[in-house]
Amino acid sequence: MADPLFPRLALIGIGLIGASIALAARRAGVVGEIAIHTRSPATLKRAEELGLGDVYCSTAVEAVKDADCVIVCVPVGACEGVAIEIGPHLKTGAVISDVGSVKAAVIRAMAPHLPPTVHFIPGHPLAGTEHSGPDAGFAELFQNRWTVLTPAPDVDSEAVARFTAFWRALGANVEAMSAEHHDLVLAITSHLPHLIAYNIVGTAADLESGLRSEVLKFSASGFRDFTRIAASDPTMWRDVFLNNKDAVLEMLGRFNEDLALLTRAIRNGDGDTLFDLFTRTRAIRRSIIAIGQDTAAPDFGRRDHKPAE
Ligand SMILES: NC(=O)c1ccc[n+]([C@@H]2O[C@H](COP(=O)([O-])OP(=O)(O)OC[C@H]3O[C@@H](n4cnc5c(N)ncnc54)[C@H](O)[C@@H]3O)[C@@H](O)[C@H]2O)c1
Ligand SMILES: O=C(O)C(=O)C[C@]1(C(=O)O)C=C[C@@H](O)C=C1
């Protein structure tokens, strides 16, 4: 059997994403030993019961010792604390990454605490569900989905190639781009949709009780899809909005302008405006399905969007 890409992989945080990485990496045979640390002892015990790793560590320092690759799988707001803790204990030449849904803020928070002897390759798998915790993980999560990497331009290309190969072995398609571009694209494709879902479900929940019970009773349609998204982890999404503020506000501004136009069209009985928009959006959905990416990333076509080595 070929040598593993990383003899020791350390996962810090073992929820939906950490557990899915553990299962997928094990199945792909790309790692030797998997060391796991997570904040709560109960979750660490559960990870052990599920057989997600080989070594279960009560501290992050213990988990990263001699690790060739460390992936931090915690909420965005917890990344800085983890970097402070593990920074002095990282193996020379190790790849250090994360899976945070926001990139620029995570890089600002982590980079100052990492030694120059490691290769920092931030990442974001564009795959997930509304579930969290280690029981939610599954090996197929990354299959045919995008993972975006946002290494600084001067990061060692061999390390980037090795980490790209790791994600590809987990079934992902890999793209590299700048952290700022990532954050702008994800603001419209992921963060705003979640904000809209949280808001519409909140609006329904605030209706007077008679109407609210009707909403719940008849929610077998579009509203139900929103409730799935709005069931996503509150800590994770609080951190996303606190850490991608500018890009989300930019997209929210555009969204509100477009919503005002639709509001006016409805008030004025302007059916053409409504029909034209709905025709355009239906075509977008059909083109996404036609290229077989209804579960993958949208078009990132911009100058700083380049395939990973
Ligand atoms: N859920 C998704 O759909 C999704 C998709 C892609 C990326 N992400 C990103 O992945 C990261 C993890 O998300 P998740 O869905 O796996 O969350 P999760 O809640 O399922 O798991 C997070 C884990 O991190 C642990 N943790 C929290 N703070 C910690 C700390 N300081 N030290 C050690 N462990 C700590 C928690 O105990 C938990 O086990 C987030 O940054 C999120 O933005 C999530
Ligand atoms: O499918 C879902 O439930 C998701 O919300 C996954 C989703 C997304 O918005 O597409 C959520 C956040 C992540 O950062 C990446 C993926």
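In listed order, ligands and their atoms are each counted from 1. Numbers here simply count residues along the sequence, with the first being 1.
The protein non-hydrogen atom at the shortest distance from atom 15 (C) of ligand 2 is His124 NE2, 3.6 Å. Atom 27 (C) of ligand 1 has its closest protein heavy atom at Pro75 CD, 3.6 Å. Summary of contacts: the protein heavy atom closest to atom 2 (C) of ligand 2 is Gly128 O, 3.5 Å. Nearest to atom 37 (O) of ligand 1 among the protein's heavy atoms is Thr38 OG1, 3.6 Å. Here the heavy atom of the protein found nearest to atom 19 (O) of ligand 1 is Ser132 CB, 3.7 Å. Nearest protein heavy-atom contact of atom 20 (O) of ligand 1 is Gly133 N, 2.8 Å. From the protein, the heavy atom lying nearest to atom 11 (C) of ligand 1 is Val74 O, 3.5 Å. Summary of contacts: the protein heavy atom closest to atom 16 (C) of ligand 2 is Ala127 N, 3.8 Å. Taking atom 12 (C) of ligand 2 as the reference point, the nearest protein heavy-atom neighbour is Trp237 CZ2, 3.5 Å. Of the protein's heavy atoms, Ser190 OG, 4.3 Å lies nearest to atom 10 (O) of ligand 2.
Within the 4.0 Å heavy-atom shell around ligand 2 one does not find Ser232.
At a heavy-atom cutoff of 4.0 Å, ligand 1 is contacted by the side chain of Met236 but not by its backbone. When non-hydrogen atoms are compared, ligand 1 lies under 4.0 Å from neither the backbone nor the side chain of Glu130. Only backbone heavy atoms of Ile14 (N, CA, C or O) come within less than 4.0 Å of ligand 1; its side chain stays farther off. If you look at Thr235 next to ligand 1, there are no close heavy atoms at all, none under 4.0 Å.
Distances between N or O atoms of His194 and those of ligand 2 include at least one value under 3.5 Å. On a distance-only criterion, Arg228 and ligand 2 share at least one N/O pair closer than 3.5 Å. Polar contact with ligand 2: absent for Met236 (N/O pair, distance under 3.5 Å). Between Ser101 and ligand 2, at least one N/O pair is under 3.5 Å apart.
Across Ser40, Ala127, Cys73, heavy-atom proximity to atom 12 (C) of ligand 1 is greatest for Cys73. Of the listed residues (Gly15, Cys79, Ala63, Ser101), the one carrying the non-hydrogen atom nearest atom 43 (O) of ligand 1 is Ser101.
In this structure, Phe166 has its ring center under 6.0 Å from that of Phe163.
Between atom CD1 of residue Ile96 and atom CG of residue Leu114 there is a gap of 6.5 Å, rounded to the nearest 0.5 Å.
Shown here, atom 17 (O) of ligand 1 is out of close reach of the protein: none of its heavy atoms lies under 4.0 Å off.
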